[in-house]
A.B. asks: 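Quick one: this structure, given as structure tokens, is what I'll be asking you about.
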Amino acid sequence: MVGKLQRRTLETRRRILEAASRMIALNGFDDTSVDAIAAAAGVAKATVFAHFADKTSLLIAVRLAHLDALLE
């Protein structure tokens, strides 16, 4: 059973990944800032870095999420 805190954490991570995916697709990796991703996800920049070590790690997570979706 997933606790309330864990559900919120997973939801926040999902919102960050979705925002990053959209913004990178529209603007490219180099032209997408972590600030813009955080704003689009409705979280603080520090929250993005609490979930992902850096922007490259976030890109890797986005790509892995796309691969997981393809495998389903």
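Only heavy atoms go into these numbers, but all of them, side chains included; no hydrogens, no water, no symmetry mates.
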A.B. asks: Which pair of non-hydrogen atoms, one from Ile37 and one from Ala19, has the smallest distance, and what is that distance?
C.D. replies: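 Distance-wise, the nearest heavy atoms are O-CB, 3.8 Å.
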
A.B. asks: Would you compute the distance between atom OG1 of Thr32 and atom CD1 of Ile24 and round it to the nearest 0.5 angstrom?
C.D. replies: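 Thr32 atom OG1 to Ile24 atom CD1 measures 5.5 Å (nearest 0.5 Å).
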
A.B. asks: Roughly how far apart are Arg13 CZ and Leu58 CG, rounded to 0.5 Å?
C.D. replies: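 CG of Leu58 is found 8.5 Å from CZ of Arg13.
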
A.B. asks: Going hydrophobic residue to hydrophobic residue with side-chain gaps under 4.5 angstrom, can you get from Leu59 over to Ile16?
C.D. replies: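 Cluster IDs for Leu59 and Ile16 differ.
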
A.B. asks: Sequence neighbours excluded, which residues qualify as salt bridge (charged side-chain N to carboxylate O under 4.0 Å, His left out) partners of Glu72?
C.D. replies: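 Not a single residue meets the salt bridge (charged side-chain N to carboxylate O under 4.0 Å, His left out) criterion with Glu72.
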
A.B. asks: With clusters defined by side-chain heavy atoms of hydrophobic residues (ILVMFWY) lying less than 4.5 Å apart, directly or transitively, does Leu67 cluster with Ile60?
C.D. replies: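 Yes, same cluster.
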
A.B. asks: Going by side chain to side chain contact (heavy atoms under 4.5 Å, CB included), name the residues that satisfy it together with His66, two or more places apart in sequence or in a different chain.
C.D. replies: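 Partners of His66 by the side chain to side chain contact (heavy atoms under 4.5 Å, CB included) criterion, ordered by chain and then number, come out as Ser21, Val62, Arg63.
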
A.B. asks: Can you list the residues that meet the salt bridge (charged side-chain N to carboxylate O under 4.0 Å, His left out) rule with Arg14, with sequence neighbours excluded?
C.D. replies: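 Listed in chain order: Glu11, Glu18.
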
A.B. asks: Please give me the minimum heavy-atom distance between Phe49 and Lys55, naming the atom from each residue.
C.D. replies: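 Between these two residues, the closest heavy atoms are CE2-N, 4.5 Å.
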
A.B. asks: Not counting sequence neighbours, which residues clear side chain to side chain contact (heavy atoms under 4.5 Å, CB included) with Ala36? List them please.
C.D. replies: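 Counting only residues at least two positions away or on another chain, Ala36 forms a side chain to side chain contact (heavy atoms under 4.5 Å, CB included) with Met23, Ser33.
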
A.B. asks: Using the test salt bridge (charged side-chain N to carboxylate O under 4.0 Å, His left out), find all partners of Asp35 that sit at least two apart in sequence or belong to another chain.
C.D. replies: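 If we apply the salt bridge (charged side-chain N to carboxylate O under 4.0 Å, His left out) test to Asp35, skipping adjacent residues, the hits are Lys45.
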
A.B. asks: Considering residues at least two apart in sequence or located in another chain, which fulfil the side chain to side chain contact (heavy atoms under 4.5 Å, CB included) criterion with Ala25?
C.D. replies: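 In terms of side chain to side chain contact (heavy atoms under 4.5 Å, CB included), with neighbours along the sequence ignored, Ala25 is linked to no residue.
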
A.B. asks: Are Val43 and Leu17 connected in the hydrophobic side-chain network, where two residues link if heavy atoms are under 4.5 Å apart?
C.D. replies: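 Looking at the clustering, Leu17 is in the same group as Val43.
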
A.B. asks: What closest approach, in Å, do Ala61 and Phe52 show between heavy atoms, and which atom pair accounts for it?
C.D. replies: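 For Ala61 and Phe52, the tightest heavy-atom pair comes out as CB-CE2, 3.5 Å.
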
